[in-house]
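The figures that follow rest on heavy atoms only: side chains count, while hydrogens, waters and symmetry mates do not. All figures in this text were calculated on a predicted structure; none of them were measured in a lab. Reminder, nothing fancy here: chain letters follow the sequence lines and each chain counts from 1.
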Amino acid sequence: MHWADHAARVLAKRDGPQTVASGITPSGSFHIGHLREILSAEMIHRSCLDMGIESRYIFIVDSMDPLRRVYSFLDGSYEKYIGHPLAFIPAPGADGKPDSSLGSYADHFLDPFLRSLEAIGVVPEVVLNHEVYASGALESRIHSVIEKRDEIRDIIETISGRDLDEYWFPYNPLGSDGSIDGVRVTGYDRPYVLWKDRHGAEGKSDIRKADGKMPWRVDWAARWGLHGITCEPAGKDHGSSGGSYDTGIPISRLLGHEPPGKMVYEWIQIKGMGPMSSSSGNTIGPLETLEIVPPEIVRYMIARTKMSKHIDFNTGNMLFETADEYERLVKSPPVVRDDGPRRKQVAAATARGALRLSQLSRGAPIEAGQVPFRHLSLLAQIRSEDELVWESLRKSGHLSGSPSEALKLRLSKMRAWINGDHFPEESRIEISKVADREMVDSLDGDQIAFIRHLGDRLKECEWNDSDIGTLIVDSMNLCNIEARSGYLAIYSILIGRSNGPKASTLMAECDRYELSELFSLA
RNA sequence: GGGUCUGUAGCUUAGUCAGGUAGAGCGACGGGCUCUUAACCCGUAGGCCGCGGGUUCGAACCCCGUCAGACCCGCCA
C-alpha cells in the first residue's frame with residue numbers, strides 16, 4: 001500500500017472530517033525541499049478523499065514569524081527589521097534593498113511559490129498566520145496558554161531538555177519599534193499583555209490582534225486546535241526527539257485538542273554531481289525546477305519515495321531515471337493479482353498508488369504511454385523544429401496523430417533543460433566537425449574503409465532518414481563488415497562515442513558536405 | 001553528551017507496523033524486431049538483506065549491541 005493511503009487509513013480511525021496541514025515560513029526563496037512539505041500533506045489529503053473520507057488541505061503561512069537575520073540576499077539595511085513579523089516589513093527589490101512598492105516581504109516570496117504549487121496541481125486553502133492573529137481567532141487559546149504557562153514551560157523544559165529563562169512567556173509582544181526582540185512581559189490583564197521593551201518603552205499588546213505571537217512550539221500546538229488539524233507531516237528537524245513535535249503533542253492535549261500523530265519526512269538533498277552541486281552554491285528553486293521538470297514528474301519523485309527516505313535530487317541522471325520510470329509505469333501499470341504472493345501484491349499496489357497520486361488533478365484518467373524521457377531529450381537535440389520531433393515520434397510508433405498538451409509541455413521543458421546549465425554533459429549530443437584522431441586510431445582497417453566508402457556514397461544519396469539508413473546497410477554489406485562493427489565506427493567518428501541515437505536520424509540532421517568531409521577521414 | 005531516521009543486487013528501491021523459502025525497475029549480458037538506437041519485445045545473470053549476538057521450529061522483519069551516513073536537542077521543509 002502506498003504511504004499516503006496508509007496514512008489515510010490510519011486517519012480514518014479518528015472520527016470526523018480530516019484537516020491536513022502544511023506550514024512554511026516565507027523567510028526567503030522557496031526551494032525544492034518545500035515541495036516535499038506540501039506534497040506529502042497534499043497526497044495524504046487526496047488519499048483521504050479517494051477513500052471517501054471528508055478532508056481539507058490547508059497551507060499555513062508563518063507570516064507572523066519574525067525576520068531572524070539579514071540573509072545573504074538582503075541589503076544591510078534590513079538590520080532594522082530584525083525581529084519584525086515578515087508580513088509587516090517591505091519586500092526586497094532586485095538590489096536586496098527594502099522596496100515598499102513591492103508589497104510585504106512575506107507575500108513577495110509566497111506568491112511565486114503559490115503559482116508553482118498550482119502548476120503541480122496543488123491548490124491549498126491558504127491561511128496567513130498574521131491574519132489569524134489579527135482576527136482574534138486565537139484569543140481564547142492565547143489566554144489558556146498564558147494561564148497554563150507553568151505547565152507549558154515544564155513540558156518544554158522536560159522534553160526538549162533546554163532551560164527557559166525566568167522571563168520566558170508563552171506570548172511574545174511586539175515592542176514599540178515593531179520588533180519582537182528584547183521585549184519583556186511585565187504583566188497580563190486579559191486581553192492585554194503588558195511589556196517593557198529594550199528602549200525602555202512600556203506598552204500593552206492586545207491578544208485579539210497581531211500585536212505579538214506565541215513562540216513557535218506553542219504556536220504550533222495552538223493552531224492544531226484552532227484549525228482542527230488531524231495530520232501535519234513535518235520535516236525531520238521538527239520530528240526529532242525533543243523537537244517541536246514532541247512538545248507540541250502534550251501542549252495540544254493541555255489545550256484540549258487531540259494532536260495529529262507524529263509524522264516526519266526526510267530532506268531532499270541537492271548535493272551530488274553535475275551543475276546542481278551545492279558546494280558550487282548552485283541551488284535550484286521550485287520555479288526553476290518546474291521550468292525543466294514536468295509537473296507530474298515532480299509529483300512522482302515525491303510519491304515514489306517513502307517519507308522516511310531522503311531524496312538525492314539532481315537534474316542529471318536522477319531526473320532521467322525518475323522520468324523514464326514514470327513513463328514505463330504509465331504505459332504498463334503493475335497488475336495486482338489476488339493469487340500472487342503478498343509482497344508482490346503490496347509492491348504493485350504501492351506503485352499504482354504512486355502513479356495515481358502523481359496526476360495533476362485527482363481522478364483524471366492517466367494519460368496513456370508517452371515518450372521515454374531519454375528518447376525525447378535526444379530528439380529535442382537533433383530536431384530543431386517541434387513538428388519534426390512529432391514526425392520522428394510517429395515514425396517510431398511513440399505517437400499517433402497530434403501530440404497531447406502534456407507532451408507539448410514536455411518538449412518545451414525538455415528544450416529549456418537542454419538549453420540551460422542543468423543538462424548533464426554526458427547526455428549532450430555533439431556532432432564532430434573533424435574526426436578525432438584517437439577515435440580513428442581505435443578503428444581497424446575494415447572499419448576505416450567502410451567509413452570512407454560511406455562518406456563517398458553520401459555525396460549523392462537522397463537526404464532523408466530512410467535513404468541514409470538503407471545506404472548504411474548497403475555499404476556494410478558491400479564492405480563485408482558486421483553491423484555492430486560498422487555502427488561502432490559511425491558513432492566513433494560522428495559523436496566520438498561507442499553508441500548513440502539512431503545513426504541515420506542523426507546523419508540526416510547534418511549537412512551533406514560536412515558529413516562526407518568528416519567521413520573522408522582527411 | 002542525549003536522541004531520531006536511513007543502511008536490501010553495480011544503481012534506485014519493495015518487503016520491516018501483522019516473523020513463514022528475498023520482489024521490482026534501471027544498468028549489464030544474450031536474443032528478436034527479413035535496417036540501425038539511448039526505441040520496442042523476449043530472456044539470462046547478479047543479494048551471507050551494514051556487522052555481531054539474542055528470542056523463535058523459523059528473523060531482512062522482533063530484542064540487545066556495534067559500525068557508517070544524514071539530521072535534531074536555538075531558528076530551519
For a quick check of understanding: with a heavy-atom distance under 4.0 Å over all strands, which category does [X] fall into, base, sugar-phosphate or nothing?
| X | value |
| --- | --- |
| Y491(A) | sugar-phosphate |
| I302(A) | nothing |
| R328(A) | sugar-phosphate |
| I24(A) | sugar-phosphate |
| T350(A) | nothing |
| R36(A) | nothing |
| S40(A) | nothing |
| G33(A) | base |

Looking only at the side chain of [X] (C-beta and beyond, no hydrogens), which of the listed nucleotides [options] gets closest?
| X | options | result |
| --- | --- | --- |
| K236(A) | rA70(B), rA38(B), rC5(B) | rA70(B) |
| S160(A) | rC73(B), rC76(B), rC17(B) | rC73(B) |
| E321(A) | rU6(B), rC71(B), rC26(B) | rC26(B) |
| V473(A) | rU12(B), rC35(B), rA38(B) | rC35(B) |
| K306(A) | rC76(B), rG74(B), rA14(B) | rA14(B) |

In whole Å, I'd like the distance from the [atom1] atom of [X] to the [atom2] atom of [N].
| X | N | atom1 | atom2 | answer |
| --- | --- | --- | --- | --- |
| D324(A) | rU37(B) | CG | C1' | 14 Å |
| F320(A) | rA38(B) | CZ | P | 14 Å |
| H238(A) | rG74(B) | NE2 | P | 13 Å |
| I32(A) | rC76(B) | CD1 | P | 21 Å |
| M301(A) | rG25(B) | CE | P | 23 Å |
| W220(A) | rC76(B) | CH2 | C1' | 12 Å |
| M307(A) | rU4(B) | CE | P | 19 Å |
| F109(A) | rC76(B) | CZ | P | 17 Å |

| said: Taking CD in E118(A) as the centre, count heavy atoms belonging to other residues, nucleotides or ligands within less than 6.0 Å. Is the count above 12? | reply: no
| field | Under 4.0 angstrom between W216(A) side-chain N/O and rC76(B) OP1 or OP2 | value | yes
| message | Can you see if the side chain of K309(A) gets near the phosphate of rG7(B) - specifically, an N or O under 4.0 Å from OP1 or OP2? | response | yes
| task | Name the pairing partner of rU55(B), where a pair is Watson-Crick or G-U wobble with both distances under 3.5 Å, or state none. | result | none
| query | Is rA14(B) paired to anything, Watson-Crick or G-U wobble with both distances less than 3.5 Å, and if yes, which nucleotide? | reply | none
| When the ring centroid of F109(A) is compared with that of Y105(A), is the distance short of 6.0 Å? | yes
| query | Do F73(A) and Y71(A) have their ring centres less than 6.0 Å from each other? | reply | yes
Whole-Å [atom1] distance, [N] and [M]:
| N | M | atom1 | value |
| --- | --- | --- | --- |
| rC48(B) | rC11(B) | P | 12 Å |
| rA22(B) | rC26(B) | P | 23 Å |
| rG23(B) | rU4(B) | P | 32 Å |
| rA45(B) | rA60(B) | C1' | 23 Å |
| rC42(B) | rC33(B) | P | 15 Å |
| rG43(B) | rA24(B) | P | 11 Å |
| rC61(B) | rC5(B) | P | 16 Å |
| rC41(B) | rU37(B) | C1' | 15 Å |

Answer yes when [X] and [Y] have at least one side-chain N-carboxylate O distance shorter than 4.0 Å, and no when they do not.
| X | Y | result |
| --- | --- | --- |
| R184(A) | E166(A) | no |
| D62(A) | R223(A) | yes |
| D5(A) | R356(A) | yes |

| Comparing R428(A) and T305(A) on RNA chain B - which has the more 5′ nearest nucleotide | T305(A)
| Taking the nucleotide of RNA chain B with the closest heavy atom to each, which residue, M476(A) or D62(A), is nearer the 5' end? | M476(A)
| task | Assess whether salt bridge (charged side-chain N to carboxylate O under 4.0 Å, His left out) is satisfied between E266(A) and K236(A), documenting all intermediate values. | result | CA-CA 6 Å; E266(A) 256 284 353; K236(A) 57 156 68 183; 2.9 Å; yes
| task | May I ask you to check whether H238(A) and S244(A) show a side-chain donor-acceptor distance below 3.5 Å? | result | yes
